Every structure is written in C-alpha cells, then in structure tokens.
Number of protein chains: 2
Amino acid sequence: MNIGEIAKRAGVSRSTVSYALSGKRHVSPETKARIQQVIDELDYRPNAAARALKEGRTRTIGLVIPPPVRRLTYMQLEFVASVLEAASQADLDVLLSPSGDTHAPAFSRLIDGRRVDGVILMEIRLQDPRVDQLRKAGMPFVTIGHTAHPEGVWWVDVDYQGLVGRCVKHLADLGHRDVALINRSAEMLADGYGPGLRAQQGFAQAVAQYGLTGFEYPCADDAPAGDACVERILNEHPEVTAAVTVNESALPGFQRALQRAGLRVPADFSLIGVAAQHWAEEFQPPLTSADVPAVQMGAEAVQLLTEYIADRAAAPKHLLLSPPISLRDSVSRARTLERD
Amino acid sequence: MNIGEIAKRAGVSRSTVSYALSGKRHVSPETKARIQQVIDELDYRPNAAARALKEGRTRTIGLVIPPPVRRLTYMQLEFVASVLEAASQADLDVLLSPSGDTHAPAFSRLIDGRRVDGVILMEIRLQDPRVDQLRKAGMPFVTIGHTAHPEGVWWVDVDYQGLVGRCVKHLADLGHRDVALINRSAEMLADGYGPGLRAQQGFAQAVAQYGLTGFEYPCADDAPAGDACVERILNEHPEVTAAVTVNESALPGFQRALQRAGLRVPADFSLIGVAAQHWAEEFQPPLTSADVPAVQMGAEAVQLLTEYIADRAAAPKHLLLSPPISLRDSVSRARTLERD
DNA sequence: TTGTAGGCGTTATCAC
DNA sequence: GTGATAACGCCTACAA
C-alpha cells in the first residue's frame, strides 16, 4: 500500500494526497474527505523508510542503555520508561541500543547509518569514547550524567556531590560523628562512573567541613553485596552510627545485615541517601532520601534532544537537578552509648 | 556521506562500491582494498533508510512491552534484555514500543508505517486486538504467551498450567491439605491475562485431582500487595499450610507478612512457585520454584521471528517451555498441629 | 572485472 | 486548487 495507490483510488495525484496528509498546502474539503476515506479504508500510513530518505530524518531517537546483562537499576528502568513515554507523546519512536564492547557494531549502525535523528546516552563516564564518536559524526545527543569536560554538550544530571553533602550535613546536625558512605561498585568507580565519583567528592568535602570521620565503602549493585558491605562496616568500624548511600539496589541487603546485627533503624543506626522513591518507600522504615527524579529526567532529556535536533546551532543546554531530601523515618539523633 | 562520494574518491562506480560491501559480485582485491580504505577514512555506512526503501526491509524488529508506567516485572526486564542481546547478535535493531491505549498511534506507526520487519508482542491477552491488527497488516510476529486460539500464530510461552499443577502435587505429596494460590492481580485476570488464567486452571485441576482444599487469591504486582494478601490468607484461612505463587513481584511482601505473623518458612508455612531465578534465590529461605527461563525465551522469540521473516509461508512454530522445579528451602512437610 | 540506469515511496518545486 | 516530476541514497539487472 503506497501513496500512489491511494491517489489512484481517490482520483487525485500523489502530491495531493501528500499535501492532504501534511497540510502544507491547501486542499479542498471535498478532496480531502475523499482521500481520508480511502486512507481509512486501507489503513494507509506513509512508508517510514521512504519518508526518512526524502526528509533526511527518521523521527526516531536512539536510547543507549548500559549492558543489560548487568541488570538495570530501578532508577534506570524508570528513566527508560519515561523516555519512552515522552517520545511517544512527541510522536517519536525509540530505538533501544545496548552499550558495551560487544555491542559496538550496533552503536555504529545507529550513528553512521543515520538510523536515528538523535541519541540519549545513559550512564556516561567521565571520559567517554561514545561522546567523541557522536560528536565526530555530528549526531545530536544528550547525555544522562556529564563527562569531566562537558562544555559544548547537552546533558541532564543529578547533583550527587551536592546531595551527598547535604545528607552528611543532616547527619552531622543530628550529632553523628562517624559516618560511612556506601557507594557504587569499585569497578564502576575505577571506570570513571560520574555519580560514584561525585558522591565520593561530596562526601569527602562534607566530612571535612563538618569535622566528622568518614569511611567510604564501594558496593556492587545487588542485595547480597549490600548485606556484605554493611556487615563489613559494622565489623571494621563499630563506632559508625550512620551511613549515606547512593546504592539503591543494595538497600534490601542493608536491611538484612542490620537486622542480623540486631540494630534497629533509626534508633541504633541511621541511614540516608539518594535513591528512587520506590526503593526509599519500600525500605523499613521508609528511607530519608533525595528521590532521584528519574521520570522528570527522562522527559527533560527528550525535550532537550528535540530542541537540539530542531536547531543544531543552538547553544548547548544542561540541567543539574537537585531534588529535595524527603524526611522519612530512617534517621535520628546519634546513639550516645559510646560518647561522654 | 553517501555511496557516490565513496565511489568518486575511490575512482570507481557506485555499483562497485555496493558490491564490494555486499560481496554479491566479485571485486578485484586491489579495488576492494582501495574502496575499504576510503570507507574507513570517512566512517561510511550505508544510509539505513535508503537501504530499507530499496530492499523492502528495515533490519529492525519491534518489541512491544506492557505500558511501562505499571512497572515491568523482573522477568519482563530479563526478557527485554535477552531480546536486545539476541537481536544485536543477529545484527538487528530493536524498536521499543509501549503498549496500551494511549500508545495506539505508536503501534500503528510501527505496523502500517512498516518501520520494522517483525514484532515481538509481550504480555498477550487471551483475546488480543493487537494480534488481529498484526495479522491484518501481514506483519510477521511472535507472541510471548498465547491467545485462546493460537492456531496459525507463532508463540513462545511458559506452561503455567502444568507448572502450577506440579507445584500443587509437590505440596500434596508432602502432606499439605489446605493450600492457597497467590495469583496476579484481579484486573489482569479480568482482562484475560493468560498466565494468570492458566495458573488458575492448573491449580483448580490439581487441587481436585489430589483431593485438597484450595483457595485462590489475586494479588497486585508489588510488595505491599503481597503483604496484604498473605495477611488476608492467614486471617481468612488459618488452616492453610502452604501457598503456590506465580507473583514474583509480591514475594518481598510475603516475607514481611509471614514474619510479622511469626511463621517460619518452611517449618510453619511452605511456599512454592513460578518465578525468575533472581527472586527465588533472593527469598529467604531460597524459594523452591520453577525458574522462568526468560533469557532463553527472549532468544527463542528472536530466533522464531527471524525464521518467520525469512519465510513468511513457513508453518507456524511455537514453544511451550516447562522448566524444572528447583528444590530449594521453602517447602517442607505440612505442620501437623491441627491434624489428628 | 566494472559501469549504467531504473526504481523503491516520499516530499516539494514548478507549472497550470 | 491540483498535477507532473525530480530527487533523497541505495541495490541490482543489464550491458560492456
């Protein structure tokens, strides 16, 4: 089924059908109605490939996700969902592309084959070769997270550094002196994963500023790792009375380790962090946390990308989100057992 | 950058470049090398839209997922990941399309606009209008799950009916007389969600066959619902000593409710089910369950779809998977308190 | 072994 | 208000 067939059946030329559809030229109501009728009858829709070839754009965006074998975190999943939603609203399709070495061909297909009009890049590293590749190819893109030198690129990120700092301050205000940071995995940090490194910085700065003693622990993104990590903290530094976490996937593990150690939250141990609202509320007791606005981020990323595609000469924009810390029930004054 | 430019710079005709790339005609090694050099230099890759237009296929498949607002279960996520992986292996791109009423335009774009060569449809209903739409459009598709009348369609599914039956048998063998089925949500059942309805049937049949008393409870896909559901079961039917579940997302809730009621698993209450391996192993104690082979299903679905696309006249194939029940630690003999 | 040319289905320019 | 036609970039049948 193509536009020629519609034209024939409606007794008009192909261009008239095209214009009736696009509205870029006036078409008499009668003709338009006749055409529409044929179209409805045959479920006609312009062939996407032909249109893309002619217009030089695909009406599709690429979403590059972390290698899905290492499972997506809840936050990332929410983000993907919101990108899908926002794209759908804007009549854009989404080509999902896994990242990682084994998928490099897929990435190149996407970019060099011009399968998409623009790309949203998740889980960016401080130094990221994909950013260079996209730049070189002249493909519009928005990164989630930002590189070490994000000048000239469009991005959306969460201010992990500032948020972790505020978490530490909150603990300091409540009398905690020895606190831990439960970060993402050592591998990710070594690999230059921005949020982890910025959490690290924010923690170190705040600990120094408020005169606390801080211990940083990396932790893989799953419950067993969280369990082991908390156990280690309790063993190695029993003086620690509170922890800041940016590792939502490990939360269920924290719960188990604390319970096993006979520590109640928040009476014996305070926990605060940055997490998806879902996980924060799922924790028992509900976790005091800065809720990562993943849904908003997805929508913003699509919005920015759309602007960028529409005007490639536009000045780069970015968004550093700093959601408020929701006070729930996982933080209290420091236990005073060891003090005085 | 297009094929003509490459041809010019390599001093050959466009067709020679095309043939050098496709290998469908012999090209002298020297010419080939010269062409390859220019291609590497310019990062040339054939324009996907032009190629799709000419060849009549897009080298892209569509993956239609449940509305992502109602979040994906772990199993579904695993499935999406494995489809992505398998497609990537086969040099296919994946267009992710959300399902649901508000996204109907996106679905039609996909199908009628011929943006994809074939579609994988997740979370099929017993009566599913999308199946009819795909059929009508002559678009190859594979469903995950099968409709009430799946004759002539390609599908992959898990034998929920049989598996739930085997779970009940296992409980019966261990002396349980009063058992519950914790199913998916009432809404999904009312909506004709196959796995839920087939679990229902399998449960009813097996309960009758082994002379047990069975109680079926619907339960939404999240922890709080699981908590509430188990509490209800314990209240309404204290005689129940074991439950079969097909609702993995609610498992953490079961844990909480049982713990609160002072019931130990499996000493006081046995639990068995069908779930993603991840959730089964995450449960405490590890859940005896048929582990849904989501990864295998994704790969098989892509494989089937590829065959179907390659030969549209091929006889429909399907796959009804029945993974073994892994004995873990959540089932024991019925407690005998109330008996004798 | 290589070159020429037509057409895939659209959109948009030009002509009426 | 509408029709004819060129072009988007590629693949491939045909010609040399």
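This one's a predicted model, so the numbers in the text were calculated from it and none came from an experiment. Naming convention: chains lettered A, B, ... in sequence-line order (proteins, then strands); numbering from 1 in each chain.
When heavy atoms are screened at a 4.0 angstrom cut-off, A:Ser28 is found touching the sugar-phosphate backbone but no base atom. Contact annotation for A:Thr31: backbone-only contact, meaning every heavy-atom pair under 4.0 Å involves sugar-phosphate atoms and none involves a base. At the heavy-atom level, B:Thr16 lies under 4.0 Å from the strands shown only through sugar-phosphate atoms. Residue A:Gly11 is in sugar-phosphate contact alone, with no base atom involved, counting any heavy-atom pair closer than 4.0 Å across all strands shown.
No side-chain donor-acceptor contact under 3.5 Å links A:Ser18 and A:Ser15. For the residue pair A:His149 / A:Gln127, no side-chain donor-acceptor distance below 3.5 Å is found, with atom types taken as modelled.
Applying the 3.5 Å distance criterion, the base of D:dA4 shares a donor-acceptor pair with the side chain of A:Ser15. Not a single donor-acceptor pair, N or O on each side, falls under 3.5 Å between the base of C:dT4 and the side chain of B:Arg14. At a cut-off of 3.5 angstrom, counting only N and O atoms as typed in the model, there is a donor on one side and an acceptor on the other between the side-chain of A:Arg25 and the base of D:dT2.
Contact check on B:Arg34 versus B:Glu30 returns no salt bridge, with no Lys/Arg side-chain nitrogen under 4.0 Å from an Asp/Glu carboxylate oxygen.
With D:dG9, C:dT10, C:dT11 as the choices, the nucleotide that has an atom nearest any side-chain atom of A:Leu53 turns out to be D:dG9. Among the nucleotides C:dT10, D:dT12, C:dT4, the one closest to the side chain of B:Ser13 is C:dT4.
Within the model, atoms CG of B:Leu96 and CG of B:Leu84 stand 8.0 Å from one another, a figure rounded to the nearest 0.5 Å.
In this structure, B:His26 places its NE2 atom 8 Å from P of C:dT2, rounding to the nearest Å. Atom NZ of B:Lys24 is separated from atom C1' of D:dA13 by 13 Å (rounded to the nearest Å). The CG atom of B:Asn47 sits 8 Å away from the C1' atom of D:dC10 (whole-angstrom rounding).
At D:dG9, none of the side-chain N or O atoms of B:Lys54 fall inside 4.0 Å of OP1 or OP2 (strictly under the cut-off). Within the structure, every side-chain polar atom (N or O) of B:Tyr44 is placed at least 4.0 Å from both OP1 and OP2 of D:dG9.
Although no hydrogens or angles enter the test, the distance criterion places a donor-acceptor pair under 3.5 Å between the side chain of A:Gln76 and the main chain of A:Thr73.
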